[in-house]
Amino acid sequence: MALRKAVLLDADYTVKKGKTYVRLLLKGKKTFRLYDFYEPYFYADAPESEAEKIMQMAVEHNGEKITPLRVQAVQKNVFGKDKMLLKITCSSPSHVPHLSAKTPHPVYENNILFGRRYMIDKGLSPFCLLAYEREGKFIKKLLWAKEGTPKLNSLAFDIETYNPIGAPRPEKDPCIMISYANGSCGVLTYKKINKPFVVSKKSEAEIISSFCDVLRKNETDVLFGYNSSSFDLPYLQARSGALKIPLPIGRDGRSFLLRKAGMRDMAKIGGRIHIDLYPAIRFLSFIGALKASKFTLEAAYSEITGKQKYMVKRLEIHQMWDSSTDEVREELAHYSMQDAIATKELGAIVLPLLVEMSRLTKMPLFDTAYATAGQLVESLLIYRSYEANAIVPSKPTEAQAKEREAHPIEGAFVKIPKAGIYENIAVFDFRGLYPSIITSHNIDPFTLNCDCCTKEQSFVSPLGSRFCKKKKGLIPAVLEDIMAKRSKLKDELRPLQKDSEAYRTLFARVQALKIIANSYYGYLAYARSRWYAREAGESVTAWGRHYIQDTIAKASQEGFDVLYGDTDSIFLLLGKKGKEDALSFMKKINAALPSGMELELEGFFKRAVFVSKKAADAGAKKKYAMLGEDGKIKIRGFELVRRDWSSVAKDTQRRVLEAVLVHGSPQKAVNIVREVIERLRSGAVPLEELAISTQISKDPKKYEIISPEISAAKKAIARGSHIEKGSIISYIITKNGSTISEKAEILEHAKNYDASYYINHQVLPSVLKILKELGFSEDDLKFKGMQHGLGHFM
DNA sequence: TAATTCGCTAGACCGA
DNA sequence: TCGGTCTAGCGAA
């Protein structure tokens, strides 16, 4: 029997004649599927004497009688202690929920997806190179698996729809273009358009089937779309239905399956990996792996790649399509092509990150693309539990989750800074504070209050919780591995050229490891976590507070003025001391820290601005700007880093900070403000610079308080705009109305702006706090002091 | 139903 | 009309 090798991409299952087969998606020279017989199971915490009774269980479901296949006693580590459990094997994964619900004992591992179950039990990871023997379509024997790297064929696509009333109606309005991009590019359409990349077909039906042909010929493994799970694919399906044609988009010749997981849509295409970049980019931005704050394709593209994409106004698409001028339709085709190309470029950036997260967490790529942080963290813990022969804790009930949510744990310490302008600052922070606290103190739900150590023998948290010193917990073990892997990869990264492919891939891996490592603390304190432990979670933050406060106290003892500190960082004013003093202080701290924890230098800064709070006289936390030795300005918390402020205010604030930090010139700062106020008063500022963007987290109808963005949204909806939960509203405060809400109009509908609002509510508040630290009191600025004041405040 | 808590701010709302 | 309270959004870590 020949040994064969292929890279594993995904696993799900199918039931044939009452038997369960795992269906593996493999990539060798081609991408193909193989089947492997495997049986689902769950555990019951019951004595062996109950086995016979459990074997007799029967559930009626849809006329089918469901019974267990086998019951056997097995030894498992149950939450820190070895124990005998009953393993109940079933003939189909769909039987597991029925039989586990009927079992009159506590049950475990009764809701682990079966494709995943198989991969875990066989020790397989996504992208592992698998050696096996086969017999027809079946795996005869798995031989070994090691790390592999598949070459995936990817293709990005986008559709354009006819939209005479604004939003297209899937049952009526045709899909007029389908664009795709990989090595080659094309736009499928059914009007004659004279562009080299346009492929003209006779009808809408033909462009849909041609698109499926493109996927087949390209042997697409990874299909990228943008919002394609919620829009493009369902739209194509609806059109296929209306046209009474099939949509053979999968390798199996079938359409896709839409899975709704909470708010997220996941369109799963047979034999391919469909990645909707919209949720993926949202997620990666949320956890800080990518930088995007707006999530339209255009905005994400320009924020992530730094390039601009050609745009047409959505509302004009149907007019362009109907136009009698050739050039207008050519323009539309060009636009459509650009959408697919932009999607392809984003896919190329996102894929390496997703692949690494998938490898690391053992979650297949498709699921990783739609996963939450909790699911990623959980995935790896489940995998490692099996390796340790440990039972996976069950998810909490809704009532338990609510109870946990009602009592949040205490978080980090933040020192109140004194407002002012400072020079010569040293900033230190604890490298990976929470992960290092977890590993250094063996924090885990099942090392908590162990039987094997006395209090004196344990790690005891500042709150008095006790953690085992003898046996390493699962979470610390997993984290240690992640950290070790990360530091190894960082070493490999160092000699590489920054613009090389190897660098980018390795950098993605380093980044993925950091993201996952930083999520474990959150998971410990997450109300719906399988591994929730209040005492463990609050011990992490308690130790965090202890170490930072202790460091602050020691710095003061050494004669440093401690300017500020937040969670894991400490800002020292050097004063008469030198950099060496600060560095030797750091050394001293490190010598006293447990192994695994480290205070490191973030950098020296020439100058810094801290401002006071608006409401009180105290210094504001989480709001400062500093000038680094490299000339770069580090800005945190100021309006100018927030997306819900107008760019006129943000730009002015940035320029003022630069005047203060770089040039040390109050006069320059004042002049900037004066000039901007003049421009605002003259009415010459373009509306784009005045737009304020906020995202709405609820259906616009469901708000109790009508804020400006909701007011603008409601007016826009009345005029036919489509605005829903999650939409980002860009609005202008106009002259029309009395309250601010009344004056708010979305950018597209605004005709003028209220200069007084922008001066008094946007520009001045954002700069006054800074100017105040230059010695101007608010009254000075407003009424006297400067010769001309800052305008007349209308 | 989306990893955590801490913190700032705007503007609406409400009652004196 | 004023000031306190509350809702909501977003950022720091």
Side-chain angles (χ1 to χ4, degrees), chain A residues 260-264 279 282-283 286-288 293 370-378 395 398 401-402 404-405 407-417 429-430 432-435 515-532 534 536-538 540-542 544-545 548 564-570 602 611-616 618-624 634-645 649 692-698 702-711 726 728-729 733 739-744 757 760-762 765-766 769:
Chain A
K260 296 241 177 199
M263 289 295 296
R264 292 159 305 155
R282 275 193 88 120
F283 174 70
F286 177 64
I287 59 179
S293 55
Y370 301 85
T372 63
Q375 289 170 323
L376 291 172
V377 164
E378 187 181 274
K395 286 184 182 170
E398 194 54 32
K402 284 274 180 300
R404 293 171 179 181
E405 270 170 3
H407 301 99
I409 65 172
E410 187 181 345
F413 168 77
V414 188
K415 183 178 158 58
I416 303 177
D429 54 23
F430 284 95
L433 179 67
Y434 288 171
I515 292 163
I516 302 296
N518 283 336
S519 303
Y520 276 83
Y521 154 69
Y523 187 67
L524 215 45
Y526 167 47
R528 287 165 212 286
S529 163
R530 291 176 185 265
W531 271 267
Y532 177 91
R534 200 196 145 80
E538 64 189 359
V540 175
T541 54
R545 292 191 300 274
I548 197 68
Y564 181 59
D566 183 351
T567 311
D568 59 355
S569 65
I570 173 166
E602 146 91 24
V611 295
S612 48
K613 279 207 285 193
K614 175 147 195 169
K621 298 171 176 177
K622 300 187 188 284
K623 218 167 181 182
Y624 60 87
K634 179 176 173 168
I635 297 168
R636 293 291 179 263
F638 275 110
E639 285 77 4
L640 74 89
V641 302
R642 297 179 61 98
R643 68 175 181 198
D644 57 351
W645 278 73
I692 299 165
S693 297
T694 31
Q695 185 177 35
I696 55 170
S697 61
K698 296 198 274 193
K702 292 189 179 151
Y703 280 81
E704 292 171 29
I705 289 174
I706 307 303
S707 54
E709 61 271 24
I710 299 302
S711 166
I728 290 175
I729 318 290
I733 301 303
T739 66
I740 293 169
S741 282
E742 277 175 31
K743 293 178 176 188
Y757 172 83
N760 291 309
H761 291 257
Q762 290 273 318
S766 64
K769 280 169 281 189

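So that the names make sense, note that chain A is the first sequence line, chain B the second, and so on, each numbered from 1.
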Q: May I ask you to decide if A:A373's main-chain N or O and A:S519's side chain share a donor-acceptor pair within less than 3.5 Å?
A: no
Q: Whole angstrom is fine here: how far is it from OH in A:Y624 over to P in C:dA13?
A: 4 Å
(Q) For A:H407, is there any backbone N or O sitting under 3.5 Å from a side-chain donor or acceptor partner on A:R534? (A) yes
Q: Under 4.0 Å between any heavy atoms, over every strand shown, what does A:I706 touch: base, sugar-phosphate, or nothing? Just pick one.
A: sugar-phosphate
Q.
Rounding to an integer number of Å, can you tell me how far A:I692 CD1 sits from B:dA10 C1'?
A. 10 Å
Q. Closest to the A:S741 side chain: C:dC10, B:dG11, B:dA12?
A. B:dA12
(Q) Over all strands shown, is A:Y564 touching base, sugar-phosphate only, or nothing at heavy-atom distances under 4.0 angstrom? (A) nothing
Q: Tell me what A:S697 touches on the nucleic acid: a base, only sugar-phosphate, or nothing, going by heavy atoms under 4.0 Å.
A: sugar-phosphate
**Q.** Atom-pair distance (CZ on A:F638; P on C:dA12), nearest Å
**A.** 11 Å
Q) Dot-bracket for DNA chain B: what is it, with Watson-Crick or G-U pairs under 3.5 Å, [ ] where a pair crosses earlier ones, and | for a pair to another strand? A) ...|||||||||||||
Q: Measure from NZ on A:K613 to C1' on C:dG11 and round the result to the nearest Å.
A: 16 Å
Q: Between C:dA13 and B:dA2, how far apart are the P atoms? Round to whole Å, please.
A: 26 Å
(Q) Rounded to whole Å, please give me the gap between CD in A:E639 and C1' in C:dC10. (A) 12 Å
Q.
If the cut-off is 4.0 Å, is A:H761 near the phosphate of B:dG11, judged by side-chain N/O to OP1 or OP2?
A. yes
Q: Check every atom of B:dT9, C:dG11, B:dG11 against the side chain of A:R642 and return the nucleotide holding the closest atom.
A: C:dG11
Q.
From NZ of A:K769 over to C1' of B:dT9, roughly how many Å is that when rounded to an integer?
A. 8 Å
Q: Could you check how far CG of A:D566 sits from C1' of B:dG7, rounded to whole Å?
A: 9 Å
Q: Identify whether any heavy atom of A:I696 sits under 4.0 Å from a base atom; if not, whether one sits that close to sugar-phosphate; answer base, sugar-phosphate or nothing.
A: sugar-phosphate
(Q) For a quick check of understanding: with a heavy-atom distance under 4.0 Å over all strands, which category does A:E742 fall into, base, sugar-phosphate or nothing? (A) nothing
Q: Would you please test A:D566 and A:K622 for salt bridge (charged side-chain N to carboxylate O under 4.0 Å, His left out) and show each step?
A: CA-CA 8 Å; A:D566 183 351; A:K622 300 187 188 284; 2.8 Å; yes
Q. Is there a donor-acceptor contact under 3.5 Å from the side chain of A:S693 to the main chain of A:R643?
A. no
Q) What distance separates A:K395 NZ from A:E378 CD, expressed to the nearest 0.5 Å? A) 5.5 Å
Q: Kindly point out which of B:dA12, C:dA13, B:dA10 is positioned nearest to the side chain of A:T739?
A: B:dA12
Each nucleotide N or O in nucleotides 4-7 of chain C that has a protein N or O under 3.5 Å away: list the pair and distance.
none

Under 3.5 Å, N/O pairs linking protein and nucleotides 2-6 of chain B:
| residue | atom | partner | partner atom | Å |
| --- | --- | --- | --- | --- |
| B:dA2 | OP1 | A:Y526 | OH | 2.5 |
| B:dA2 | OP1 | A:R528 | NE | 3.0 |
| B:dA3 | OP1 | A:T372 | OG1 | 3.2 |
| B:dA3 | OP1 | A:A373 | N | 2.6 |
| B:dA3 | OP1 | A:G374 | N | 3.1 |
| B:dA3 | OP2 | A:T372 | OG1 | 3.3 |
| B:dT5 | O3' | A:G411 | N | 2.8 |
| B:dC6 | OP1 | A:G411 | N | 3.0 |

